[in-house]
Trainee: 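I'd like to ask some things about the structure below.
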Amino acid sequence: MKPAMETAAEENTEQSQERKVNSRAEMEIGRYHWMYPGSKNHQYRPVPTLGDRAGPLSSPGCFECCIKCLGGVPYASLVATILCFSGVALFCGCGHVALAGTVAILEQHFSTNTSDHALLSEVIQLMQYVIYGIASFFFLYGIILLAEGFYTTSAVKELHGEFKTTACGRCISGMFVFLTYVLGVAWLGVFGFSAVPVFMFYNIWSTCEVIKSPQTNGTSGVEQICVDVRQYGIIPWNAFPGKICGSALENICNTNEFYMSYHLFIVACAGAGATVIALIHFLMILSSNWAYLKDASKMQAYQDIKAKEEQELQDIQSRSKEQLNSYT
């Protein structure tokens with residue numbers, strides 16, 4: 001009878017100790033949840049074992065890899081880059097040839113004295129060198145903006161991987177936003193300036209059309225219709241002849257230099273407008289990318305805190321289990 005009573009007492013003692021250990025573990029977990037409210041209702045995933053990992057036969061194929069690569073392409077930045085390259089190429093190439101044709105027209109018809117248009121020739125030569133610099137700069141700048149688009153797309157799409165956004169990357173994105181805004185304002189001025197030669201050549205062309213019209217053709221008033229380029233300020237007032245009238249003006253409009261220069265200036269103006277649109281497009285893309293990077297950094301900070309809380313909770317549970325095993 002006595003051994004039976006001793007066995008029952010020992011079993012009651014062990015059950016009370018086990019309940020005490022469980023209550024301590026529950027108190028520790030409850031205190032952790034009270035200190036870190038955000039760690040509640042988390043679902044913990046077990047670490048996959050070797051048997052759970054995908055085998056060689058389940059690896060993604062070529063089609064899946066291509067789809068993944070295409071999903072990381074910044075199509076908006078790619079379209080803006082192509083538009084920017086096209087606009088700058090049209091402006092620089094057509095503008096360079098059109099300026100050379102303008103100098104030839106002035107030397108042959110409006111200013112026969114070299115000293116009268118010497119300053120204009122130097123200015124046009126300087127503008128041609130500036131065009132070379134603009135083409136080189138925007139070629140590099142477009143590539144940099146496209147690379148920044150790839151970087152931001154990868155940062156947004158790989159939030160849950162090993163990719164980490166840094167403060168330096170966000171600062172560079174903000175710098176690109178400011179620089180693109182300044183370049184956009186500057187190209188608005190370039191677009192307005194490129195419309196000036198189009199206006200001048202249009203006035204000359206419309207005057208030639210008036211001379212060719214049936215109402216004025218064959219009358220003595222044809223020689224009274226003139227074009228004076230000195231009023232545009234491109235050559236001084238003492239330049240000779242400076243003004244062309246009648247049939248001589250019509251002959252100028254029929255030359256290849258005038259025809260090519262007029263249409264090339266129109267294309268250059270259109271290229272400047274396309275560049276302005278591309279920079280505005282880039283500005284919208286960079287602004288949205290900067291906002292995405294900012295949100296990505298906040299999400300990364302949240303995930304780091306969440307992982308730390310989960311690790312601490314797992315440590316508490318493991319310590320509770322160890323204490324329970326030590327008592328039993």
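Along the sequence shown, residues are numbered consecutively beginning with 1. Note: hydrogens, waters and symmetry copies are ignored here, and every other heavy atom, side chains too, is used.
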Trainee: So which pairs with a foot in residues 99-109 pass side-chain hydrogen bond (donor to acceptor under 3.5 Å, both in side chains), sequence neighbours left out?
Mentor: none
Trainee: What about Val196 and Val123, same hydrophobic cluster or not, with Ile/Leu/Val/Met/Phe/Trp/Tyr joined at side-chain heavy-atom distances under 4.5 Å?
Mentor: yes
Trainee: With sequence neighbours excluded, what pairs up with Tyr202 under the side-chain hydrogen bond (donor to acceptor under 3.5 Å, both in side chains) test?
Mentor: none
Trainee: Quick check: closest heavy atoms across Phe91 and Ala272, and the distance to 0.1 Å?
Mentor: CD1-CB, 3.9 Å
Trainee: I need the single residue from Leu249, Val229, Ile204 that forms a side chain to side chain contact (heavy atoms under 4.5 Å, CB included) with Ile244. Which is it?
Mentor: Leu249
Trainee: Do you reckon Phe137 sits in the same ILVMFWY cluster as Leu90, going by side-chain contacts under 4.5 Å, direct or chained?
Mentor: no
Trainee: Considering only heavy atoms from C-beta outward, does the side chain of Met260 approach that of Val97 to under 4.5 Å?
Mentor: no
Trainee: Looking only at heavy atoms, what is the nearest atom pair of Ser121 and Val103, with distance?
Mentor: OG-CG1, 4.3 Å
Trainee: Membership question, hydrophobic clusters at under 4.5 Å side-chain separation (ILVMFWY): are Tyr259 and Trp205 in the same one?
Mentor: no
Trainee: For residues Cys226 and Thr207, report the shortest heavy-atom separation together with the two atoms involved.
Mentor: O-CG2, 4.2 Å
Trainee: Out of curiosity, does Leu120 fall in the hydrophobic cluster containing Leu99 (side-chain heavy atoms, cut-off under 4.5 Å, transitive links)?
Mentor: yes
Trainee: Give me the atom names and distance for the closest heavy-atom approach of Cys94 to Leu264.
Mentor: CB-O, 3.5 Å
Trainee: In this structure, are over 12 heavy atoms from other groups packed under 6.0 Å from Met200 atom CE?
Mentor: yes
Trainee: So if you build clusters from Ile, Leu, Val, Met, Phe, Trp, Tyr with side-chain heavy-atom gaps below 4.5 Å, do Val267 and Phe201 land together?
Mentor: no
Trainee: Sequence neighbours excluded, which residues qualify as salt bridge (Lys or Arg N to Asp or Glu O under 4.0 Å) partners of Asp228?
Mentor: Arg230
Trainee: Linking Ile, Leu, Val, Met, Phe, Trp and Tyr by side-chain heavy atoms under 4.5 Å, what else ends up with Tyr132?
Mentor: Tyr129
Trainee: Clusters formed by hydrophobic residues whose side-chain heavy atoms approach within less than 4.5 Å: which one holds Ile143, and what are its other members?
Mentor: Phe85, Phe139, Leu140
Trainee: Between CG of Leu146 and CD1 of Ile82, what distance do you get to the nearest 0.5 Å?
Mentor: 9.0 Å
Trainee: Whether the side chain of Ser288 engages the backbone of Ile285 through a donor-acceptor N/O pair (distance < 3.5 Å, no angle test) should be reported.
Mentor: yes
Trainee: What verdict does the side chain to side chain donor-acceptor pair (under 3.5 Å) test give for Asn203 and Tyr232, after you've listed the backbone C-alpha separation in whole Å, the side-chain angles of each residue and the deciding distance to 0.1 Å?
Mentor: CA-CA 11 Å; Asn203 287 340; Tyr232 298 111; 3.1 Å; yes
Trainee: Measuring from Ser77:OG to His281:NE2, what's the distance to the nearest 0.5 Å?
Mentor: 7.5 Å
Trainee: Which heavy-atom pair separates Ser261 from Ala98 by the least distance, and what is that distance?
Mentor: OG-O, 3.8 Å
Trainee: Rounded to the nearest 0.5 Å, what's the gap from CD on Glu209 to CD on Glu250? Could you check?
Mentor: 9.0 Å
Trainee: Name every donor-acceptor pair, under 3.5 Å, that has one atom in a side chain of residues 175-194 and the other anywhere in the protein, sequence neighbours excluded.
Mentor:
from: Thr180; atom 1: OG1; to: Tyr141; atom 2: OH; distance (Å): 2.6
from: Thr180; atom 1: OG1; to: Phe176; atom 2: O; distance (Å): 2.7
from: Ser194; atom 1: OG; to: Val190; atom 2: O; distance (Å): 3.2
from: Ser194; atom 1: OG; to: Phe191; atom 2: O; distance (Å): 2.8

Trainee: Within the 4.5 Å heavy-atom criterion, are Ile225 and Cys245 side-chain neighbours or not?
Mentor: no
Trainee: Which heavy atom of Ala274 sits nearest to which heavy atom of Leu83, and what is that distance?
Mentor: O-CG, 3.8 Å
Trainee: Measuring from atom CG of Asp315 to atom CD of Glu310, what distance do you get when rounded to the nearest 0.5 angstrom?
Mentor: 12.0 Å
